[in-house]
Amino acid sequence: MPRELSESTVSLVKATVPALQAHGLAITRRMYERMFQNAEIRDLFNQSHHGETGSQPQALATAVLAYAQNIDNLGALAGAVERIAQKHVGLNILPEHYPHVAEALLAAIKDVLGEAATPEILTAWGEAYWFLADILIGRESQIYSEHAAAPGGWVGWRDFVVAEKRRESDVITSFVLKPADGRATLPHRPGQYLTLWLEIPGGAPLKRNYTISSAPGDNGYRISVKREPQGAASNWLHDQAQPGDRLKAAAPAGEFVLPETTERPVVLVSGGVGLTPMVSMLSALARQSAGEAVHFVHGALSGATHALGEEVRALAKASGGRIRTTFFYEKPRAQDVQGETYDEAGLVTPEWLAQHTPLRDADYFLCGPRAFLRAFVNGLVSRGVPPSRIHYEFFGPADELLAA
């Protein structure tokens, strides 16, 4: 464990909270500008969170503020630390990369705050940065070691082959990835993702996270990718990638996972492409010969965008009634038949969950767009579901914008 922070450092960092509230986003934007002047460091990151969506600077600003506010109560940040460590492992961040971040962060604080960033403030933030960095480095080292020691595991980038490409809906296509060396792969935990390294002709390498939508196994992975209008990686996968193509992947990562044992009913709630980790979780739950009830609730725009529906229905049918499914279509088409292709017209709501699922007895797993999650996390908490039984994930950099 790193050495405890000094009292003076804690006091000085907490004193910067008002400045971070006012200027945090400017600081993180400047930090990334400085870091990305180094092409080697720039290429470590998923640039879709910077160029295509611009969401990472805001997420980091939120995280830095939370760190300053809780620097004397770091237990409150345990979940955030684990999310960051898992993301770093997916990107193969190593200890030697941390000094580049420290240099850029401290310089950005000075650039933005000017004379207010006194030598004492910069020294305190330097100590606070390395305190957190040492925690992350230790956790990441542990994860890398676990990956290296596990059957089928690996560290770094491993070559995979696109073994199968299958269109699931108008906007989602699945890719089955098999290891190029023909050897076993590390069985993922349901809910985890793969980080892919894509070499696209004429451009810089792209790194993207895609949730594994298949059941855990040792012979490869399936990802189900939504085409994003401005998504360089998703459009390349949909339009150009073909069976036989090669790409690189890091070992499965992510903290949004199904527990190894479930002691309560499980409710899986998703919107759009958020169903991908839920299908993996459902497949794992379906393999159990017995267990608590499972409710699979999914919302799509219509049958045109609904992916993996037949697979989910087949799992439910084979469960003997233990698995129940409900599909919502916001705007059903004429050919979408209620009672056959979907169950409810409109949107999934917390009110519906309160009436049709074991609200106070179940564990809830949620995945979808940010607005979807904000509504459901807050909606479930307000109806008496303990926050400890609400688990959620969304696509993009993690932040703390959800009030629970």
Side-chain angles (χ1 to χ4, degrees), residues 46 48-49 52-53 55 162-177 191 193-194 196 198 200 206 208-215 221-245 247 268-283 296-317 325-349 366-373 375-376 393-396:
N46 179 345
S48 70
H49 296 158
E52 293 171 19
T53 68
S55 53
V162 178
E164 183 181 349
K165 179 179 181 180
R166 182 171 62 251
R167 182 179 178 182
E168 305 287 4
S169 75
D170 286 358
V171 295
I172 295 176
T173 295
S174 286
F175 301 84
V176 176
L177 308 177
Y193 53 82
L194 289 181
L196 302 186
L198 304 175
I200 295 180
L206 301 179
R208 297 294 188 270
N209 300 330
Y210 293 112
T211 305
I212 302 167
S213 61
S214 54
Y221 310 99
R222 181 184 70 186
I223 59 173
S224 299
V225 180
K226 179 186 177 185
R227 181 195 293 273
E228 299 293 346
Q230 304 301 318
S234 67
N235 279 286
W236 182 84
L237 286 167
H238 276 252
D239 296 336
Q240 303 298 327
Q242 298 297 329
D245 287 349
L247 48 78
L268 307 173
V269 188
S270 55
V273 75
L275 91 166
T276 51
M278 304 309 186
V279 173
S280 181
M281 292 181 183
L282 186 70
S283 298
F296 187 97
V297 184
H298 178 65
L301 182 64
S302 70
T305 60
H306 185 190
L308 304 171
E310 292 184 5
E311 179 176 330
V312 170
R313 290 189 191 93
L315 291 171
K317 184 177 180 180
T325 65
T326 307
F327 298 128
F328 283 73
Y329 284 1
E330 182 180 355
K331 298 179 180 179
R333 306 167 300 169
Q335 60 266 46
D336 295 330
V337 180
Q338 191 167 12
E340 295 182 13
T341 56
Y342 74 102
D343 303 291
E344 302 279 352
L347 299 172
V348 192
T349 65
L366 314 171
C367 189
R370 189 167 289 141
F372 173 96
L373 291 176
F376 281 97
E393 174 73 302
F394 58 87
F395 301 111

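All heavy atoms count here, side chains included; hydrogens, waters and symmetry mates do not.
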Heavy-atom closest pair, residues R166 and E164: NH1-OE2, 2.5 Å
Sub-4.5 Å side-chain heavy-atom contact between F327 and F296: yes
CZ on F328 to NE2 on H306, rounded to 0.5 Å: 12.5 Å
Pairwise distance CD(E310) to NZ(K317) - rounded to 0.5 angstrom: 12.0 Å
Which atom of S224 lies closest to which atom of V273, heavy atoms considered: O-CG2, 4.0 Å
Kindly say whether E228 contributes a backbone atom to a donor-acceptor pair with the side chain of S234 at under 3.5 angstrom? yes
Who pairs with R167 by side chain to side chain contact (heavy atoms under 4.5 Å, CB included), at least two apart in sequence or on another chain? D170, T173
With a 4.5 Å cut-off on side-chain heavy atoms, are R370 and L373 touching? no
Rounded to the nearest 0.5 Å, how far does OG1 of T341 lie from CG of D336? 4.5 Å
Closest heavy-atom contact between A300 and T305? CB-OG1, 3.9 Å
If only atom types and distance count, is the side chain of H238 paired as donor or acceptor with the main-chain N or O of V225 below 3.5 Å? yes
Quick one: are L194 and L177 in side-chain contact, heavy atoms under 4.5 Å? yes
All heavy atoms of D239 vs all of R227, minimum pair found to be OD1-NH2, 2.7 Å
If you measure from CG on L268 to CG on L282, what distance do you get to the nearest 0.5 Å? 6.0 Å
To check you understand the geometry: which heavy-atom pair defines the closest contact between A304 and R333, and what is its length? N-CZ, 3.5 Å
Are side-chain heavy atoms of L315 and T325 found at a separation under 4.5 Å? no
Can you label the angle between the Y342 ring and the Y329 ring as parallel, tilted or perpendicular, going by 30° and 60°? parallel
Just wondering, are more than 12 heavy atoms of other shown residues or ligands nearer than 6.0 Å to CD in Q338? yes
Straight-line distance of Q335 CD to E340 CD, nearest 0.5 Å: 13.0 Å
Contact summary for L308 and S174, nearest pair of heavy atoms: CD2-OG, 4.4 Å
The criterion is ring-ring contact (aromatic ring centres under 6.0 Å, His included); which residues satisfy it with F376, sequence neighbours excluded? F372
Test your reading of the model: is there a side-chain donor-acceptor pair from S280 to the backbone of A215, 3.5 Å cut-off? no
Separation of Q240 CD from I200 CD1 (nearest 0.5 Å): 9.0 Å
Would you say the side-chain atoms of D245 pair up with the backbone N or O of V162, donor to acceptor, closer than 3.5 Å? no
Excluding sequence neighbours, so at least two apart, what forms side-chain hydrogen bond (donor to acceptor under 3.5 Å, both in side chains) with E311? R222
